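First comes the structure, then the notes that go with it.
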Protein chains: 2
Amino acid sequence: MKAPTLADVARRAGVSYATADRVVNARGGVADARADRVRQAIADLGYVRNVAAANLSQGRVYRFVFVIPTGTNAFFLHLRMILGAVAPRLRLEKTELRIEDVAAFDAPSLVAVLRSLSLSPPDGIALVGIDSPEVAAAVADLTAAGVAVVTLVSDMPDSARHAYVGIDNCSAGRTAARLMGLAHARGPGRVLPVLGSLTARDHRERLAGFRAVLAQDFPQIALLPEFEGRDRAELVEQALARLFDRGEALSGIYSFGAGNSGLARALSRFEGTGNRPVVIVHELTPRTREALGTGNFDVVIDQRPGAEIALALATMRQISDRLPAAPIRPIIPAIIFQDNMPDPEDSALLDAAGLDHTTAPHGRQGGLT
Amino acid sequence: MKAPTLADVARRAGVSYATADRVVNARGGVADARADRVRQAIADLGYVRNVAAANLSQGRVYRFVFVIPTGTNAFFLHLRMILGAVAPRLRLEKTELRIEDVAAFDAPSLVAVLRSLSLSPPDGIALVGIDSPEVAAAVADLTAAGVAVVTLVSDMPDSARHAYVGIDNCSAGRTAARLMGLAHARGPGRVLPVLGSLTARDHRERLAGFRAVLAQDFPQIALLPEFEGRDRAELVEQALARLFDRGEALSGIYSFGAGNSGLARALSRFEGTGNRPVVIVHELTPRTREALGTGNFDVVIDQRPGAEIALALATMRQISDRLPAAPIRPIIPAIIFQDNMPDPEDSALLDAAGLDHTTAPHGRQGGLT
DNA sequence: GCCAAAATGATTGACGTCTATCAATTCCAT
DNA sequence: ATGGAATTGATAGACGTCAATCATTTTGGC
């Protein structure tokens with residue numbers, strides 16, 4: 001009752017091992033009729049090639065590249081730190097990680113990096129999606145060349161990327177609105193959305209989800225026009241300071257871009273007064289962690305970069321292994337209060353749940369031993 | 001620059017391959033001095049045995065057993081469904097899953113199952129912890145026999161189990177309290193805790209966390225004595241009905257046992273009145289999902305059984321592989337509103353983040369290629 | 001110094017796959 | 001029919017480990 005090998009397939013198809021091998025490894029030079037018989041035998045026996053044996057024989061090393069924006073954005077710095085921390089261990093698993101820098105929000109720069117990568121293509125590339133036809137074209141070239149391409153954090157649904165690894169940003173925005181509504185259970189309020197840039201798809205989606213739920217379920221909350229902070233802390237701080245100086249009575253802030261240290265500074269004037277607005281932000285960073293702890297922020301929605309990296313790696317490996325694609329589901333964000341902050345040193349680690357094994361099954365085939 | 005093999009170790013230690021093999025596989029018959037030289041060579045070279053090659057040569061199959069309580073508890077039914085769904089795919093990875101039934105909350109029954117399993121010990125066992133010296137003794141025997149033992153959902157910190165796979169229940173209770181407090185931002189209230197049984201460690205921890213945060217940060221909320229529903233829906237429904245009939249003005253309910261369908265029925269009397277208490281429950285099930293959708297519950301704290309199973313499998317595999325133990329971190333629960341419910345059919349699947357690769361690294365060794 | 005026991009070395013076949021080479025067969029166009 | 005091309009078969013070595021066997025050396029007790 002053990003798993004069939006390629007030799008079994010060859011025997012069943014009535015061909016030699018060499019011919020069966022030519023078919024499964026697409027080496028060419030096999031007549032159609034024979035190739036069909038081999039494929040039929042594979043289907044009949046349910047043959048799945050033994051990736052471990054294959055990799056052993058080839059001495060295969062996976063080469064994966066993460067293309068990460070540069071700059072002071074705390075989230076991406078965190079992503080880099082995790083990648084650095086897991087790289088040594090991954091080497092034991094014959095996986096080499098490389099980080100390529102790219103300017104943030106800069107399509108031409110991203111295209112240049114992708115083009116340069118295609119000179120000696122790695123096995124897989126993870127990149128933060130940007131809405132741009134040129135980037136989409138570069139991605140298409142890479143996938144055509146057999147590179148596994150996944151989008152990280154922000155998707156490019158209209159490109160040829162194999163999968164998106166990240167949270168459902170619309171759902172995250174809706175969740176933020178629900179939390180905001182919960183905190184306004186017994187009264188009206190005025191809420192300000194602060195974002196990085198409307199050119200980023202993930203930010204657009206969060207805003208749309210936030211708006212939709214507020215409009216539908218919380219008519220007592222007035223939504224102010226969003227402020228575009230361009231991920232720059234000082235801009236955020238200034239804008240809020242001006243608002244507060246004008247005497248604007250804010251009951252809530254939803255900040256879903258970077259630059260939250262500016263937000264924290266602007267809020268310091270409320271310390272001890274007890275009438276600080278409700279503050280919901282994205283991404284657990286040293287700053288937001290601190291603000292949660294001191295009670296200056298209420299909620300952090302974290303996209304769990306460790307889980308994202310783990311899933312990205314597993315996805316790229318699976319594509320490289322030519323395994324039947326398992327459905328990739330979005331990362332479920334963590335909703336964090338001062339009471340359930342994960343251990344800071346743990347957040348440098350990959351998130352639990354192995355992907356070889358944590359691969360989702362195809363359907364409802366059911367049946368235990 | 002490739003990874004050292006056992007042949008390299010033998011050469012470095014100045015012994016034959018056979019001797020080195022005797023050491024790493026604990027076959028005995030090696031003089032201490034020589035064994036030490038081999039171990040030194042292993043340390044010097046950083047040798048890590050190639051598990052894939054080893055398994056290939058042995059035709060190894062992992063045998064893992066999940067000991068799951070019987071009964072109508074929706075959460076455990078869900079766990080069983082996930083296990084059934086992933087079993088076929090795991091077989092491709094040379095992993096055989098088996099479920100053993102055990103009566104819920106019943107230490108003698110659990111001991112009997114564990115004893116029977118030790119007759120032909122599997123490679124790993126995952127079980128729901130019960131506070132009991134007899135169970136702890138049975139676990140100790142199993143680990144001594146070389147079985148990888150992990151506790152699932154509820155821990156047994158004083159036993160010899162290798163790891164706990166589940167959420168931090170104290171933190172979950174604190175989170176629930178924070179959410180409850182957020183919803184009471186502008187006024188006092190009376191909150192009722194509903195639990196399954198105080199004999200279950202996970203329930204005790206949730207209650208303790210919930211109490212602590214309410215007492216510390218939300219003095220305006222009065223905490224009623226907890227109700228023990230014994231995971232039985234009809235008991236929960238009756239108790240609440242009596243309470244409401246008496247005119248008790250509840251502003252919040254935190255239910256962290258099973259039997260939430262009874263809670264939903266008891267709450268139906270508030271439909272359309274707009275003054276239903278804030279309801280926070282545990283575990284995403286068909287019932288709680290429905291109640292979230294209709295607006296009868298506000299928040300579900302889900303321990304993500306798919307992620308738990310994935311992590312349990314990865315952990316057992318890692319122990320079986322005699323790999324350096326990576327720290328096991330708690331599962332981060334999902335906080336779910338009507339706005340961010342995961343796709344129902346997805347919840348039958350394992351959670352993302354492969355564990356071979358999603359294994360956490362040891363420390364801060366750092367350094368990319 | 002002798003003998004048994006213990007320790008060590010040397011080697012082989014298996015696991016399933018990939019790559020490569022060479023020989024043998026079939027096909028097709030002329 | 002004949003030659004060249006395309007197809008097919010047979011086989012070997014490599015990957016790193018494990019299990020097993022048998023031969024050889026060393027050790028320790030007397």
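Only a predicted model underlies this, so the values are computations on that prediction, with no experimental measurement involved. By convention in this document, chain letters (A, B, ...) are assigned in the order of the sequence lines, proteins followed by strands, and residues within each chain are numbered from 1. All values below were derived from every heavy atom in this structure, side-chain atoms included, with hydrogens, water molecules and symmetry-related copies excluded.
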>> Between A/Gln40 and A/Asp36, is the side chain to side chain donor-acceptor pair (under 3.5 Å) condition met? List the steps.
In response: CA-CA 6 Å; A/Gln40 186 59 50; A/Asp36 282 342; over 6 Å; no

> What is the 5' to 3' range of DNA chain C, first to last nucleotide, that sits under 4.0 Å from any heavy atom of chain B?
Replying inline: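 Taking any atom under 4.0 Å from a heavy atom of chain B, the span is C/dA7 to C/dG16.
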
> Is there a donor-acceptor pair closer than 3.5 Å between any side-chain N or O of B/Arg63 and the backbone N or O of B/Arg98?
Replying inline: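 Here the side-chain-to-backbone pair does not exist.
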
> Does B/Val139 offer a backbone N or O that forms a donor-acceptor pair with the side chain of B/Arg161 under 3.5 Å?
Replying inline: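 Side chain of B/Arg161 to backbone of B/Val139: no pair is present.
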
> Salt bridge between A/Asp21 and A/Arg27, side-chain N to carboxylate O under 4.0 Å?
Replying inline: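 Counted as a salt bridge, because a side-chain N and a carboxylate O are separated by less than 4.0 Å.
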
> Between residues 28-35 of chain A and DNA chain D, which residues have a heavy-atom gap below 4.0 Å?
Replying inline: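 Per residue number, the list reads A/Gly29, A/Val30, A/Ala31, A/Arg34.
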
> Looking at residues at least two apart in the chain, or sitting in another chain, which of them share a salt bridge (Lys or Arg N to Asp or Glu O under 4.0 Å) with B/Arg322?
Replying inline: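 Applying salt bridge (Lys or Arg N to Asp or Glu O under 4.0 Å) to B/Arg322 gives none.
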
> Looking at CD1 of A/Ile42 and CZ of A/Arg12, how far apart are the two atoms once the value is rounded to the nearest 0.5 Å?
Replying inline: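 Nearest 0.5 Å value for the CD1-CZ distance: 12.0 Å.
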
Which pairs of donor and acceptor atoms, one on a side chain in residues 113-122 of chain A, lie under 3.5 Å apart (sequence neighbours left out)?
{"unit_1": "A/Arg115", "atom_1": "NH1", "unit_2": "A/Asp141", "atom_2": "OD2", "d": "2.6"}
{"unit_1": "A/Ser116", "atom_1": "OG", "unit_2": "A/Val113", "atom_2": "O", "d": "2.9"}
{"unit_1": "A/Ser118", "atom_1": "OG", "unit_2": "A/Arg115", "atom_2": "O", "d": "2.7"}

> When you look at A/Leu97 and A/Ile99, which way does the side-chain contact (heavy atoms from CB on, under 4.5 Å) test go after all the steps?
Replying inline: CA-CA 7 Å; A/Leu97 244 48; A/Ile99 295 182; over 6 Å; no

> Quick one: what's the B/S/- string for nucleotides 13-25 of chain D, heavy-atom cutoff under 4.0 Å, read 5' to 3'?
Replying inline: -BBBBBS------

>> The test is side chain to side chain donor-acceptor pair (under 3.5 Å); show your working for A/Thr19 and A/Arg34 and say whether it passes.
In response: CA-CA 8 Å; A/Thr19 297; A/Arg34 296 233 142 178; 5.3 Å; no

>> Show every ring pair (Phe, Tyr, Trp, His ring centres under 6.0 Å) that has at least one partner inside residues 28-63 of chain A, sequence neighbours left out.
In response: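 Every ring pair (Phe, Tyr, Trp, His ring centres under 6.0 Å) pair that includes a residue of residues 28-63 of chain A, provided the two are not neighbours, is A/Tyr62-A/Phe64.
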
